[in-house]
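Take a look at the structure below.
A, B, ... follow the sequence lines: proteins, then strands. Residue 1 opens every chain.
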Amino acid sequence: MSEKPIRVRFAPSPTGDLHVGGARTALFNWLFARRHGGDFILRIEDTDQKRLVGQSIAGILESLSWLGLTWDEGPGVEGLHAPYFQSERLERYREHVDRLVREGAAYACFCSPERLTELREAQMARGVPPGYDRYCRSLTVEQIGELRAQGITPVIRFKMPDSGTTTVVDALRGEISYENRLLEDTVLMKSDGFPTYHLANVVDDHLMGISHVMRGEEWIPSAPLHLQLYRAFGWEPPALVHLPLILNPNGKGKLSKRQGAVGVLEYKQSGYVPEALINYLALVGWSYDHQREIFSVGDLIELFSLERVSPSPARFSFEKLAWMNQYYINHILTLDDVSRRCVPYLQAAGLVTEAAGEPDSAEFSYVRDVIALVKDRLKVLTEVAELTAFFFTEGTEDYEVASLVPRKTTPEVVLNALERARDSLGEADFDNEADLEERLRGLAEELGLKAGQLFMPIRVAVTGRTVSPGLFETLRVLGKDRSLVRLETAAGKLRNSTT
RNA sequence: GCCCCCAUCGUCUAGAGGCCUAGGACACCACCCUUUCAAGGUGGAGAUCGCGGGUUCGAAUCCCGCUGGGGGUACCA
């Protein structure tokens, strides 16, 4: 047992947005590093020029930052092993692959893509497993010279042993054995001078001193190749941990965007809080005990362990994540915190000004009073504008007159009730909820109405909607002036419609 | 086709031979609370632990086979 320092890495390929599956992999690596006082390295695997999506790097960095998954080395944090973009490390791969060729562990292959395709099709037609036939393995020096003279740039293939077995030790599953003769002579270096994943990954993991490779289960089949590469280089391989796959909610296939939002930034934009996403993601593939499932990031760092990571695939549940998000907003985050996070959405809707962003401004203080009333009803932060608009604007009167009139009442009864309510509230102390409640309950009784029959019209008059926070707290926060104006407006609408 | 992985309520899971008449959570249903909607509280329904063989005094837990699901099979990662 060597005492290598703990160093893990998250190595996304910038071909699109960071999706929750990738985020889960990043999270587990990050937790493992933080748990053991190790390093978490971010490395960008941009070796596929064709699939590269320029802006996706910025998106990946933003996603990780939003989730709080900070890296100790990587883009923007140049460490001992910089650069952290594989496209800037091309000489290293070249040197290493040359060494393999020199030592007879790899060879140049001049086969054209056309020949490869024909070969594959012929094999399929014959019902034989498709794969490279190792034609170029036995090329003579003269033949190689000739082909090079023709201007053909070869790829470099790994010379896989054709007998024996390669045993992969996966931390979650134990030993997995492969017969070498069924393994292929995989391409290590492409003809455009870029390495394939396999080469770049092995070289960098070694050069960067990675102790544990934690990646998705889809990599298990290429693990024997990687192990053979480590052996060919004479390096000690890192510990391998293949994390269980995340499946679509219906269990059909790897999680894909077909069935819902999978981009981390999509969740950010739709009003999810990062703490909830982290907590949910931690639970896909990992669990703590038979009952606890709410964990702060600190808890996770303290409690995370590979022993409790499951090897079996899990389906992604949008419902559970939504519940978790609401739970965090309702029960975990403080009022101040939620208020602060809501401000940008209120600003975007034009409901509050720049000043509301200042924690000690009067405007923020009002925002907080408002948020206090809706905090328990927020599922996502983005809902806040819709839910609280009436606290910030005067445009509340475009509701249907009919919604002022509850079942088993008449417009006349409601009109009278609203006028009486207006008169009574005109004398009320709006800072005192109990006073408001006492007056309105008394009024209901006096008018022979059920509480709801009086409260609903007032609610609609004051908020413009049939669903709102509690009536008395709403009146309190809204204040006397605005409340009375809105009651009068409602009364006016009723007068117009009854005559 | 070939190689590989996985297998407990609809879903995520606890369970590392007797504590399991299988526990928790989401979703679902009912009731309570109640001025609406949430939140909250209480209760309910829901798993013969995929199937079949073993091993054992005893198996959800160990072994084998089958079935099912998933992954891989590119000059993608």
Side-chain angles (χ1 to χ4, degrees), chain A residues 11-15 45-48 50-51 109 111-113 116-117 120 123-124 126-132 153-157 168 170 172-173 176-179 182-184 186-192 194-198 200-201 215-224 242 244-245 247 249-254 280 283-294 307 310-317 319-324 326-327 330-331 374-379 387 406 437 440-441 444 450-456 458-460 463 465-472:
Chain A
S13 183
T15 52
E45 308 219 323
D46 52 349
T47 55
D48 186 352
K50 291 182 286 293
R51 293 204 312 157
C109 168
C111 293
S112 66
L116 263 18
T117 310
R120 200 186 330 281
Q123 287 165 328
M124 302 276 250
R126 273 186 294 142
V128 188
Y132 182 56
T153 311
V155 301
I156 306 297
R157 287 182 184 273
V168 175
D170 177 80
L172 270 31
R173 292 160 253 264
I176 305 171
S177 292
Y178 291 83
E179 286 192 61
L182 298 174
L183 268 21
E184 292 218 55
T186 312
V187 172
L188 262 23
M189 184 65 83
K190 301 181 248 184
S191 57
D192 65 358
F194 278 76
T196 58
Y197 168 86
H198 309 290
N201 201 260
R215 72 230 297 194
E217 187 185 332
E218 68 268 30
W219 292 106
I220 291 180
S222 45
H242 292 96
L245 247 26
L247 273 21
N250 66 3
K252 293 279 170 219
K254 285 197 283 183
Y280 176 73
L283 259 14
V284 4
W286 176 85
S287 63
Y288 180 62
D289 63 12
H290 62 107
Q291 55 176 44
R292 183 169 173 201
E293 57 179 8
I294 296 297
E307 288 72 51
S310 156
S312 52
R315 302 183 192 196
F316 194 82
S317 169
E319 287 79 24
K320 183 105 186 210
L321 171 56
W323 169 80
M324 187 81 77
Q326 177 167 35
Y327 189 85
N330 293 185
H331 303 291
V374 298
K375 188 167 173 285
D376 282 354
R377 294 150 225 259
L378 281 179
K379 288 184 162 57
L387 246 37
E437 179 161 6
L440 293 181
R441 285 199 189 280
K450 286 185 191 165
Q453 292 176 317
L454 174 63
F455 295 173
M456 187 51 85
I458 298 178
R459 176 191 319 284
V460 172
T463 69
R465 14 190 327 157
T466 53
V467 173
S468 82
L471 184 55
F472 312 117

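Nucleotide B:G52: paired with B:C64 (Watson-Crick or G-U wobble, both distances less than 3.5 Å). Base-pair partner of B:C26: B:G10 (Watson-Crick or G-U wobble, both distances under 3.5 Å). With a 3.5 Å ceiling on both atom-pair distances, the Watson-Crick or G-U wobble partner of B:C31 is B:G41. For B:G46, there is no paired base (Watson-Crick or G-U wobble, both distances below 3.5 Å). Shown here, B:C19 forms no base pair; nothing in the strands shown gives a Watson-Crick or G-U wobble contact with both key distances under 3.5 Å. With a 3.5 Å ceiling on both atom-pair distances, B:U36 lacks any Watson-Crick or G-U wobble partner.
The phosphate of B:U36 has neither OP1 nor OP2 within less than 4.0 Å of any side-chain N or O from A:R465. Under 4.0 angstrom from either OP1 or OP2 of B:A25 there lies no side-chain N or O belonging to A:K320. A:R441 has a side-chain polar atom (N or O) that falls below the 4.0 Å cut-off from OP1 or OP2 of B:U35. Taking only side-chain nitrogens and oxygens, A:R173 never comes nearer than 4.0 Å to OP1 or OP2 of B:C6. Within the 4.0 Å cut-off from OP1 or OP2 of B:U35, not a single side-chain nitrogen or oxygen of A:K450 is found. Between A:K190 and B:C76 there is a side-chain N or O to OP1 or OP2 distance below 4.0 Å. For the OP1/OP2 pair of B:A14 and a distance below 4.0 Å, the side-chain nitrogens and oxygens of A:S287 include at least one atom meeting the criterion. Using a 4.0 Å cut-off, some side-chain N or O of A:K254 falls inside it from OP1 or OP2 of B:G72. Here A:T47 reaches the OP1 or OP2 of B:A77: one of its side-chain N or O atoms lies under 4.0 Å away.
With A:E184 contributing its side chain and A:G131 its backbone, the two residues share no donor-acceptor pair below 3.5 Å. A distance-only check finds no donor-acceptor pair linking the side chain of A:D46 to the backbone of A:S13 [under 3.5 Å]. Side-chain atoms of A:T196 come within 3.5 Å of backbone atoms of A:V187 as a donor-acceptor pair (strictly under, hydrogens ignored). Looking only at distances, no side-chain donor or acceptor of A:K254 sits under 3.5 Å from a matching main-chain atom of A:L247.
The side chain of A:H331 has B:G40 as its nearest neighbour among B:A74, B:U36, B:G40. Listed nucleotides B:C76, B:U35, B:C3 differ in distance to A:D48; the shortest reach to its side chain belongs to B:C76. Across B:A77, B:U35, B:C4, the shortest atom-to-atom separation from the side chain of A:S13 is found for B:A77. With distances taken from any side-chain atom of A:S468 to the nucleotides B:U36, B:U35, B:G40, the minimum falls on B:U36. Of the candidate nucleotides B:U13, B:C3, B:C76, B:C3 has the atom lying nearest to any side-chain atom of A:L182. Picking from B:A7, B:A25, B:U35 the nucleotide with the shortest atom distance to the side chain of A:S312 gives B:A7. Of the listed nucleotides (B:C26, B:C75, B:A38), B:C26 has the atom at the smallest distance from the side chain of A:W323. The side chain of A:V467 lies closest to B:U36 when the candidates are B:C5, B:U36, B:A14. Nearest nucleotide to the side chain of A:I176, out of B:C4, B:G71, B:G70: B:C4.
Here the closest non-hydrogen pair linking A:I294 and A:M324 is CD1-SD, 3.6 Å.
For the P atoms, the distance linking B:C9 with B:G50 amounts to 7 Å, nearest Å. To the nearest whole angstrom, the two P atoms, one in B:C12 and one in B:G71, are 15 Å apart. One P atom belongs to B:G1, the other to B:G46, and the distance between them is 39 Å to the nearest Å. Only the C1' atoms considered, B:A45 is 13 Å distant from B:G10, to the nearest whole Å. Comparing B:U8 with B:A47, their P atoms sit 15 Å apart, to the nearest whole Å. B:A59 and B:G54 are spaced 12 Å apart, taking the P atom of each and rounding to whole Å.
A:S191 contributes a side-chain N or O that forms a donor-acceptor pair with the base of B:C75 under 3.5 Å. Donor-acceptor pairing under 3.5 Å, judged by distance alone, is absent between the side chain of A:R315 and the base of B:C12.
With rounding to whole Å, A:R377 atom CZ is found 13 Å from B:U35 atom P.
Residue-environment remark: OH (A:Y288) stays at or below the threshold of 12 foreign heavy atoms within 6.0 Å.
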Does the side-chain contact (heavy atoms from CB on, under 4.5 Å) test come out yes or no for A:E45 and A:T15, once each step is laid out? CA-CA 10 Å; A:E45 308 219 323; A:T15 52; over 6 Å; no
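Nearest-nucleotide positions on RNA chain B place A:G285 closer to the 5' end than the other of A:G285 and A:P113.
Within 4.0 Å (heavy atoms only), A:L471 reaches at least one base atom of the nucleic acid. Using a 4.0 Å heavy-atom criterion, one finds that A:E437 contacts no nucleic acid atom at all.
In this pair, A:F316 and A:Y280 present their aromatic rings perpendicular. The plane angle is above 60°, beyond the 30 to 60° band.
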